[in-house]
Structures are given as structure tokens and as C-alpha cells.
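Computed from a prediction, not measured in an experiment: that's the story for all the values here.
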Amino acid sequence: MLSTGSFVDKSGIYRFNYLSYKTLYKVVTAMEFTREPHRFYFNDADGKLAGEITFPAINDEQTWVIEHTFVRDDFGHQGLAGQLTMAVVEAARAEHKTIKPLCTYAKAYFDRHPEVADVLDTQA
């Protein structure tokens with residue numbers, strides 16, 4: 001998975017672009033996520049919610065708590081939840097925040113990816 005960066009679109013919405021590579025078939029899936037305060041999400045071609053991750057802030061806005069990760073069934077098994085999680089990780093790095101993963105998916109993601117441990121909240 002490669003980040004192609006973030007940008008603010010013409011309407012002023014902050015977005016992240018990602019490329020996901022499937023090595024078996026060499027298929028590239030480009031995902032664009034929309035950011036709202038404490039949320040990244042993406043909609044399908046019909047404008048219906050297809051995936052989201054929410055991360056309210058605690059500790060005087062210094063820590064983001066990943067409390068919910070959702071990918072609609074018809075978008076499942078494509079690595080999109082991981083891309084959403086990485087969008088939060090990259091935003092946390094850029095904004096000097098820490099992350100506390102509470103939802104089951106986020107906990108498992110951080111366990112499987114020690115390379116993102118730099119943003120983990122170490123306070124008890």
C-alpha cells in the first residue's frame with residue numbers, strides 16, 4: 001500500500017489518496033478518502049457510505065481513539081479497512097498525535113503492523 005499524499009480539493013475538503021496493490025493479479029485499486037473531524041470515510045459511486053473509521057480525541061486533543069472501523073460487505077476483503085487505518089496513522093504522524101486503538105480491527109491492525117507503533121498511545 002502506498003500513500004500518494006493528501007490534498008484539499010476544490011470544495012475545501014481534506015482528502016487522502018491511496019493505492020492498494022494486489023500482487024497475485026497485479027491489480028491496482030485507488031481509494032480516495034474524505035476527512036471530516038475525527039472521521040475518514042468513502043462512498044460508493046452512488047454516494048452511499050461504503051467504509052469509515054472514527055477516532056474521537058481525548059487528552060486535550062492529543063490522542064485519537066479509534067473506536068469504529070466499518071467496510072460494507074460488498075467492499076470487503078480488499079484491504080480497505082487497513083487503508084482507512086493507515087490514513088489515521090499518517091494523519092496522526094503529520095499532526096503529532098497519538099492513537100489508542102479500541103475497536104477490534106484497529107487493535108489487530110496495530111498488533112500485525114509494528115511499523116506503526118510510533119503513534120501508539122503509551123499512557124495507561
Side-chain angles (χ1 to χ4, degrees):
M1 176 173 18
L2 300 172
S3 170
T4 59
S6 61
F7 65 96
V8 177
D9 71 10
K10 293 177 186 175
S11 66
I13 296 175
Y14 188 79
R15 298 182 185 270
F16 274 84
N17 280 331
Y18 283 86
L19 294 176
S20 174
Y21 293 93
K22 292 187 177 182
T23 56
L24 181 61
Y25 300 106
K26 306 235 183 320
V27 174
V28 178
T29 304
M31 289 303 306
E32 182 176 285
F33 302 129
T34 302
R35 182 175 180 180
E36 293 181 346
H38 308 294
R39 176 181 184 230
F40 281 102
Y41 70 95
F42 64 98
N43 293 328
D44 64 14
D46 295 327
K48 295 179 183 174
L49 183 66
E52 74 175 339
I53 189 167
T54 59
F55 49 98
I58 60 172
N59 298 335
D60 292 326
E61 300 283 326
Q62 295 307 303
T63 302
W64 293 341
V65 178
I66 298 178
E67 65 177 9
H68 173 70
T69 305
F70 162 77
V71 174
R72 204 171 65 207
D73 288 344
D74 56 328
F75 281 82
H77 306 289
Q78 299 178 42
L80 302 179
Q83 291 180 46
L84 284 164
T85 304
M86 275 307 298
V88 177
V89 168
E90 289 188 7
R93 285 176 175 154
E95 298 174 32
H96 307 288
K97 307 293 184 185
T98 59
I99 295 174
K100 184 174 195 161
L102 286 186
C103 81
T104 306
Y105 179 84
K107 285 180 184 179
Y109 185 90
F110 277 86
D111 286 345
R112 288 189 317 269
H113 296 277
E115 68 275 12
V116 297
D118 61 299
V119 296
L120 277 174
D121 178 43
T122 57
Q123 297 178 9

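Scanning all heavy atoms of the two residues, the minimum distance from V119 to A92 falls at CG1-CB, 4.4 Å.
The cluster map of Ile, Leu, Val, Met, Phe, Trp and Tyr, joined by side-chain heavy atoms under 4.5 Å apart, puts V65 and F110 in different clusters.
Pairs engaging residues 44-59 under the salt bridge (charged side-chain N to carboxylate O under 4.0 Å, His left out) rule: R39-E52, D44-R72 [sequence neighbours left out]. Listed by first and then second residue, the salt bridge (charged side-chain N to carboxylate O under 4.0 Å, His left out) pairs that reach into residues 105-119 are R93-D118, sequence neighbours excluded.
Residues forming a ring pair (Phe, Tyr, Trp, His ring centres under 6.0 Å) with H113 (at least two apart in sequence, or on another chain): Y109. The ring pair (Phe, Tyr, Trp, His ring centres under 6.0 Å) test applied to F42 returns F33, F75, not counting sequence neighbours. Residues forming a side-chain contact (heavy atoms from CB on, under 4.5 Å) with T63 (at least two apart in sequence, or on another chain): I58, N59, T98, K100, D121. A81 pairs by the side-chain contact (heavy atoms from CB on, under 4.5 Å) definition with T69, V71, Y105, not counting sequence neighbours. For the salt bridge (charged side-chain N to carboxylate O under 4.0 Å, His left out) test, no residue two or more places apart in sequence or in another chain qualifies with D73. Looking at residues two or more places apart in sequence or on another chain, you find a side-chain contact (heavy atoms from CB on, under 4.5 Å) between A57 and H38, E61, W64.
Checked against the 6.0 Å centroid threshold, Y41 and F70 do not count as a close aromatic pair.
We find the CG-CD distance between N43 and E32 to be 10.5 Å, quoted to the nearest 0.5 Å. Once rounded to the nearest 0.5 Å, the distance linking OG1 of T85 with CD1 of I66 reads 5.5 Å. Remark: M86 CE to L80 CG distance equals 14.5 Å, nearest 0.5 Å.
Two residues are said to be in side-chain contact when any heavy atoms from C-beta on lie closer than 4.5 Å; V88 and F40 meet this criterion.
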